[in-house]
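To keep things clear, I will list the structure first and then write my remarks on it.
What you see below is based on every heavy atom in this structure, not just the backbone, and it leaves out hydrogens, waters and symmetry mates.
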Amino acid sequence: MFKKKKKPLQSAARKLITVDNTKSIISEQYRTIRTNIHFSTADSELQSILLTSSSPSEGKSTSAANIAVVFAQEGRKVLLIDADMRKPTMHHTFHLNNGTGLSSVLTRQSVVADVIHDSGIVNLQVMPCGPIPPNPAELIGSKAMKALIEQLKQDFDLLVFDAPPLLSVADAQILSNECDGTILVVNTGSTEKDSAVKAKETLLSANARILGVLMNNYTLAKDHYYYQYYGTAE
């Protein structure tokens with residue numbers, strides 16, 4: 001009897017819809033999110049955005065990657081940082097080596113220039129997580145992290161952080177206080193209301209600036225105007 005071979009992790013790379021199908025309804029929604037972010041920060045400069053969720057598997061990493069893409073498509077120099085030092089995934093999305101990354105810089109094992117990679121998309125670069133450390137929350141809240149953010153702001157127009165879920169660990173709560181804005185990703189098909197409310201309260205207690213809530217996996221009716229306007233796009 002033969003055991004079924006497991007698929008390699010690289011095959012699980014999430015789809016970048018904003019690259020693969022720029023005319024799709026979903027791509028248009030990500031561009032709408034970009035516009036809404038601009039309007040919500042009209043009176044102040046926004047250089048860092050954090051994306052998180054209340055629980056795992058709500059689509060925060062997919063959203064972080066696609067939001068980074070649409071800002072890069074706008075012409076801004078963007079760095080996507082995998083700050084999920086529990087279950088990092090961005091190296092799979094962009095087919096990168098995760099041997100070094102954010103954790104390597106924070107522990108002084110590597111320098112910044114060595115852990116930033118081209119994404120294959122114009123204006124977008126990626127910093128993977130690197131080796132998973134035993135003390136992620138301590139690294140996220142360290143002086144080294146604060147110094148790194150300030151350093152990166154000198155070289156990039158926008159930093160997009162993918163952080164762990166809020167209700168699982170303290171990492172996102174800590175990092176949200178260092179970022180200019182935070183987006184809470186909610187899976188409309190599975191997120192419980194109590195969890196979403198608790199996640200919001202957690203961010204507020206950290207003095208995070210909540211830019212808004214991204215409702216993931218929301219099903220549009222066929223007669224919705226987005227279908228009428230974009231549904232026939234090839």
Report yes or no: does N66 contribute a side-chain atom to a donor-acceptor pair with the main-chain N or O of T62 at less than 3.5 Å?
yes

Taking Q151's backbone N and O only, do any of them form a donor-acceptor pair with Q154's side chain (distance below 3.5 Å, no angle check)?
no

Under the rule for side chain to side chain contact (heavy atoms under 4.5 Å, CB included), what residues qualify as partners of A172, not counting sequence neighbours?
T52, A163, L166

Sequence neighbours excluded, which residues qualify as side chain to side chain donor-acceptor pair (under 3.5 Å) partners of D180?
S48

I want to check something: taking the side chain as every heavy atom from C-beta on, are L158 and V160 in contact at a cut-off of under 4.5 Å?
yes

Minimal heavy-atom distance between R76 and D157, with the atoms involved, is NH2-O, 3.3 Å

Test your reading of the model: is there a side-chain donor-acceptor pair from T35 to the backbone of R31, 3.5 Å cut-off?
yes

Inspect the contact between K77 and D155 and indicate whether a charged nitrogen and a carboxylate oxygen are less than 4.0 angstrom apart.
no

Is T22 reaching over with its side chain to a backbone N or O of V19, donor-acceptor style, under 3.5 angstrom?
no

So, for G130 and S103, which heavy atoms are closest and what is the spacing to 0.1 Å?
C-OG, 3.5 Å

Just verifying a value: how many Å separate L214 CG and E58 CD, rounded to the nearest 0.5 Å?
11.0 Å

Locate the shortest heavy-atom distance separating S24 from I17; write the atom from each residue and the value.
OG-CG1, 3.5 Å

Using 0.5 Å steps for rounding, measure from the CG atom of D114 to the CD atom of Q109.
12.5 Å

Quick note, side-chain hydrogen bond (donor to acceptor under 3.5 Å, both in side chains) partners involving residues 116-142, not counting sequence neighbours, are D118-Q125, N135-E138

Side chain proximity check, P128 to F94, heavy atoms < 4.5 angstrom
no

Of all heavy-atom pairs between S54 and L184, which one has the smallest distance, and what is that distance?
N-CD1, 4.1 Å

Between I67 and I26, is there a shared hydrophobic cluster once you connect ILVMFWY residues whose side-chain heavy atoms come closer than 4.5 Å?
yes

Cluster membership besides V169, Ile/Leu/Val/Met/Phe/Trp/Tyr side chains within less than 4.5 angstrom, sorted by chain and number, is none

Are any side-chain N or O atoms of D82 and backbone N or O atoms of M90, one a donor and one an acceptor, separated by less than 3.5 Å?
yes

What distance separates L46 CG from S40 OG, expressed to the nearest 0.5 Å?
7.0 Å

Any side-chain to backbone donor/acceptor pair from E74 onto A72? Under 3.5 Å, distance only.
no

CG of N187 to OG of S57, rounded to nearest 0.5 Å, is 8.5 Å

Side chains of I183 and V213 in contact at under 4.5 Å (non-hydrogen atoms):
no

Got a sec: does the NZ of K200 have more than 12 other heavy atoms crowding it under 6.0 Å?
no

Through direct or indirect side-chain contacts below 4.5 angstrom among Ile, Leu, Val, Met, Phe, Trp and Tyr, which residues connect to V112?
L50, L79, I81, M85, L102, V105, L106, V115, I116, M127, L139, I140, M145, L148, I149, L152, F156, L159, F161, I174, L175

Quick check on I132: does its CD1 atom have over 12 non-hydrogen neighbours (other residues, nucleotides or ligands) under 6.0 Å away?
yes

Close side-chain approach of V186 and N216, heavy atoms under 4.5 Å:
no

pair V69-I121: side-chain heavy atoms closer than 4.5 Å
yes

Taking every heavy atom of A64 against every heavy atom of L51, the minimum-distance pair comes out as N-CD2, 3.7 Å

Could you please spell out the steps behind the salt bridge (Lys or Arg N to Asp or Glu O under 4.0 Å) verdict for K198 and E201?
CA-CA 5 Å; K198 188 174 181 179; E201 292 173 348; over 6 Å; no

Any C179 side-chain heavy atom under 4.5 Å of R209 side chain:
no

With sequence neighbours excluded, tell me which residues meet salt bridge (Lys or Arg N to Asp or Glu O under 4.0 Å) with K146.
E178

Heavy-atom pair of closest approach, residues T18 and S27:
CA-OG, 3.4 Å

Under the criterion side-chain contact (heavy atoms from CB on, under 4.5 Å), I'd like the reasoning laid out for E28 against I25: C-alpha separation, chi angles, the key distance, then a yes or no.
CA-CA 5 Å; E28 180 60 27; I25 296 172; 5.7 Å; no

Decide yes or no for I37 and R34: does some side-chain heavy atom of the first lie under 4.5 Å from some side-chain heavy atom of the second?
no

